[in-house]
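Written out below as structure tokens is the structure these notes cover.
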Amino acid sequence: MISTLLPIASIALKLSSYLLSSNAKAQPEPEPEPVQEERLAPTVQSLFQRLGVNDANSEQNRPAINHFMSELLQTLGQENNGQSLPEAIDAARSQLANGTQSTRLDALQSELDTLKGSLGSSELNLDQLLGAFKQTLPNGKGEGVGKLLNASA
């Protein structure tokens with residue numbers, strides 16, 4: 001009885017050793033390199049410099065600013081309702097002035113509070129930031145904030 005099982009056991013051993021050796025030869029997937037945040041666009045840097053953040057492009061501040069700008073663009077896009085970006089900014093500033101801001105703008109204010117903590121700047125406020133952001137828009141679509149807008153659209 002054992003003699004009848006030996007050929008099957010031999011085949012099973014050969015097959016398993018072949019499978020194990022082929023798995024061992026497979027190249028392990030290379031670890032992805034850490035994503036290096038690229039420099040902030042010059043327009044974004046100057047926007048935050050005008051708001052009192054001199055080291056906006058530092059390795060520590062860059063990710064926080066990129067995250068906030070992404071949230072800002074997303075919020076303005078959601079609040080847009082067919083308006084142009086400058087009109088959406090004006091509408092958001094009007095809501096802030098009247099105290100009638102939407103939950104999206106409340107969430108954006110919370111994001112700004114987080115950013116202020118990261119930057120160590122208590123001087124930033126959402127209305128000033130939106131006003132300064134609107135001033136950067138005429139700089140064209142190929143550079144700075146305009147480039148961010150095209151990328152997020």
Salt bridge (charged side-chain N to carboxylate O under 4.0 Å, His left out): pairs with one or both residues in residues 64-75, sequence neighbours excluded:
none
Arg50 and Gln135: CA distance, side-chain angles, deciding distance, side-chain contact (heavy atoms from CB on, under 4.5 Å) verdict
CA-CA 11 Å; Arg50 278 187 280 160; Gln135 292 174 358; 3.0 Å; yes
Within-4.5 Å side-chain heavy-atom neighbours: Asn61 and Phe48:
no
Is it the case that the side chain of Gln128 and the backbone of Leu51 share a donor-acceptor pair, with hydrogens and angles ignored and the cut-off at 3.5 Å?
no
Nearest-0.5 Å distance that lies between atom OG in Ser94 and atom CD1 in Ile89
13.5 Å
Residues two or more places apart in sequence or in another chain: which of them pass salt bridge (charged side-chain N to carboxylate O under 4.0 Å, His left out) with Asp90?
Lys134
The reported gap from CG in Asp55 to CD in Gln45 (rounded to nearest 0.5 angstrom) is 10.5 Å
Rounded to the nearest 0.5 Å, what separation is found between the CG atom of Leu108 and the OG1 atom of Thr75?
4.5 Å
In short, Phe133 meets Leu47 closest at the heavy-atom pair N-CD1, 3.5 Å
Atom OG in Ser70, atom CD1 in Ile65: separation rounded to 0.5 Å?
13.5 Å
Closest heavy-atom pair, Asn57 versus Arg62, reported as atoms and distance to 0.1 Å, is O-NH2, 2.8 Å
Qualifying residues under side-chain hydrogen bond (donor to acceptor under 3.5 Å, both in side chains), relative to Gln49, sequence neighbours excluded
none
Can you tell me how far CG of Leu105 sits from OG of Ser110, rounded to the nearest 0.5 angstrom?
12.5 Å
Could you walk me through whether Leu129 and Leu72 satisfy the side-chain contact (heavy atoms from CB on, under 4.5 Å) test, starting with their C-alpha distance in whole Å, then the side-chain angles of each, then the deciding distance to 0.1 Å, before giving a yes or no?
CA-CA 10 Å; Leu129 191 134; Leu72 173 67; 4.0 Å; yes
On a heavy-atom basis, which atom in Gly131 and which in Arg93 lie closest, and how many Å separate them?
CA-NH1, 3.4 Å
To the nearest 0.5 Å, what is the distance between CG on Leu76 and CD on Glu87?
12.5 Å
Is there a side-chain contact between Met69 and Leu40 in this structure, where contact means two heavy atoms from C-beta onward sitting under 4.5 Å apart?
no
Heavy atoms only: give me the nearest Leu130-Ala92 pair and the separation to one decimal.
CD1-CB, 3.9 Å
